[in-house]
Amino acid sequence: MAFDRSLPASVVLLFLAASISGCSFAPPAQFDASSVPNAVPQPVERSKYGNPDSYVVFGTRYEVLDSSFGYDERGIASWYGPGFDGKRTSSGEIYDMYKMTAAHKTLPLPTYARVTNLANGKSVVVKINDRGPFHDNRIIDLSYTAAAKLGMLKKGTALVDVKTVSIGAPPSPDQVVESEPAPASLPVNPQIYVQVGAYAEHQNAQRMEARLKLGAVGPVLIQPVASNGQQVYRVRIGPLPDVDAVDRLTERLAQLGIDNPQVIIP
């Protein structure tokens with residue numbers, strides 16, 4: 001089957017299979033992921049490819065960020081590899097599953113980021129040079145090697161913190177290449193919630209709560225928080241035990257006509 005080579009590798013991946021997560025793959029016997037150094041942030045020009053103001057995939061429009069400065073987000077990571085090794089990425093670079101790279105929907109290409117597995121505290125630095133993942137609830141697609149170093153190959157997904165890294169930041173090539181421990185400020189084994197809305201009026205939050213309960217979805221929490229000097233009522237479901245539960249919940253919400261839920265990892 002032929003695909004449009006202008007599509008990001010992660011988009012094509014969805015045509016080939018719903019996800020590479022959990023598939024069996026054996027790298028060359030001599031390959032040792034722990035020997036691969038982290039990506040080293042260095043001055044780079046913004047890619048001529050993969051950086052439109054916005055783009056549309058599967059009916060959803062994504063706005064590319066003007067800058068990667070200060071980006072810090074928690075969510076679910078996945079990985080992609082064998083089906084796209086040697087293919088062109090959205091930035092125009094050739095994808096090499098044995099390098100420390102990743103795909104992201106909105107960060108400028110290229111961008112360097114530290115990705116931390118919140119389940120085991122392992123942390124790596126990758127170069128983001130591709131677009132994706134376009135699977136619900138995922139925020140970053142990692143190369144095979146990056147996923148291996150984070151200890152997430154078997155499950156196929158992981159709860160992660162993604163934080164952009166400044167040019168000149170460690171690690172340098174001569175430093176230890178093993179995965180580093182997570183920064184002390186990050187939680188390990190955090191809880192997972194799905195947020196379905198944030199409302200200025202408490203009654204609107206209660207209406208959503210009633211709608212969810214009528215659809216047998218729960219447990220539902222209404223959390224009042226201050227935002228920009230105003231009271232906002234967040235409607236969240238959880239805590240949820242794992243990523244599979246998040247995916248099942250997202251499917252159920254879609255059946256109820258509730259779109260674009262947001263994964264929250266406090």
Side-chain angles (χ1 to χ4, degrees), residues 10 14 18-22 57-63 65 71-79 102-107 115-120 132-142 147 150 152 155-163 182 186-228 230-266:
S10 298
L14 294 178
S19 173
I20 198 168
S21 302
V57 174
F58 301 140
T60 299
R61 180 170 295 279
Y62 299 93
E63 305 287 338
L65 298 174
Y71 178 93
D72 188 355
E73 184 178 8
R74 295 177 191 172
I76 301 171
S78 50
W79 68 273
H104 193 277
K105 292 184 281 288
T106 60
L107 281 168
V115 183
T116 300
N117 186 337
L118 298 175
N120 58 24
F134 298 104
H135 184 289
D136 288 341
N137 306 324
R138 310 296 192 255
I139 65 169
I140 194 168
D141 235 355
L142 299 165
L150 288 177
M152 57 173 280
K155 287 187 175 181
T157 58
L159 302 184
V160 298
D161 179 87
V162 180
K163 182 178 297 184
L186 291 179
V188 175
N189 290 318
Q191 294 181 320
I192 318 172
Y193 295 84
V194 169
Q195 182 168 305
V196 296
Y199 304 91
E201 299 293 333
H202 188 238
Q203 287 183 337
N204 291 336
Q206 289 178 316
R207 290 191 185 96
M208 175 57 76
E209 178 185 31
R211 181 180 176 185
L212 292 169
K213 289 183 176 179
L214 186 63
V217 173
V220 182
L221 305 173
I222 296 179
Q223 299 179 327
V225 295
S227 177
N228 297 323
Q230 296 182 334
Q231 187 85 330
V232 174
Y233 299 90
R234 295 172 175 168
V235 181
R236 294 179 174 179
I237 305 162
L240 301 172
D242 52 36
V243 174
D244 289 341
V246 173
D247 290 342
R248 289 193 299 270
L249 174 60
T250 300
E251 292 179 1
R252 177 57 181 155
L253 292 174
Q255 293 171 355
L256 297 175
I258 301 173
D259 298 320
N260 302 316
Q262 181 181 2
V263 175
I264 303 294
I265 303 174

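When a residue number appears, it is its place in the shown sequence, counting from 1. None of these values were measured; they are calculated from a predicted model. When reading the values below, keep in mind they use all heavy atoms of this one structure, side chains included, and skip hydrogens, waters and symmetry mates.
- In this structure a side-chain-to-backbone donor-acceptor pair under 3.5 Å is missing from D72 to D161.
- For the atom pair CG (N137) and CD (Q262), the distance works out to 10.5 Å, reported to the nearest 0.5 Å.
- You'll find the side chain of Y233 stays beyond 4.5 Å of the side chain of E209, heavy atoms only.
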- request: Go through Q195 and Y193 one step at a time and tell me if the side-chain hydrogen bond (donor to acceptor under 3.5 Å, both in side chains) criterion holds.
  value: CA-CA 6 Å; Q195 182 168 305; Y193 295 84; over 6 Å; no
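- Judged purely by distance below 3.5 Å, without hydrogens or angles, the side chains of D136 and T250 never pair a donor atom with an acceptor atom.
- Taking the side chain as every heavy atom from C-beta outward, K163 and T116 never approach each other to under 4.5 Å.
- Side-chain atoms of I258 and L212, non-hydrogen and from C-beta on, do get closer than 4.5 Å to each other.
- Residue Q231 places its CD atom among more than 12 non-hydrogen atoms of other residues, nucleotides or ligands, all under 6.0 Å distant.
- Considering only heavy atoms from C-beta on, V57 stays 4.5 Å or farther from K105 through its side chain.
- Using a 4.5 Å cut-off on side-chain heavy atoms (C-beta onward), H202 and I222 make contact.
- Checked by atom type and distance alone, the side chain of N228 never pairs as donor or acceptor with a backbone atom of Q230 at under 3.5 Å.
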- request: Dump the intermediate steps for salt bridge (charged side-chain N to carboxylate O under 4.0 Å, His left out) on K155 and D244, then the final yes or no.
  value: CA-CA 10 Å; K155 287 187 175 181; D244 289 341; over 6 Å; no
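- Using a 4.5 Å heavy-atom threshold, the side chains of P133 and H104 count as separate.
- The neighbour count for Q203 CD, taken as heavy atoms of other residues, nucleotides or ligands under 6.0 Å away, does not exceed 12.
- Side chain of R252 to backbone of A216: no donor-acceptor contact under 3.5 angstrom is found.
- Remark: of the listed residues D242, I265, V246, I265 is the sole one forming a side chain to side chain contact (heavy atoms under 4.5 Å, CB included) with L159.
- A 4.5 Å side-chain heavy-atom check between I139 and I76 finds every atom pair outside the cut-off.
- Remark: N260 CG is loosely packed, at most 12 non-hydrogen atoms of other residues, nucleotides or ligands lying under 6.0 Å away.
- Side-chain atoms of R138 do not come within 3.5 Å of backbone N or O of T157 as any donor-acceptor pair.
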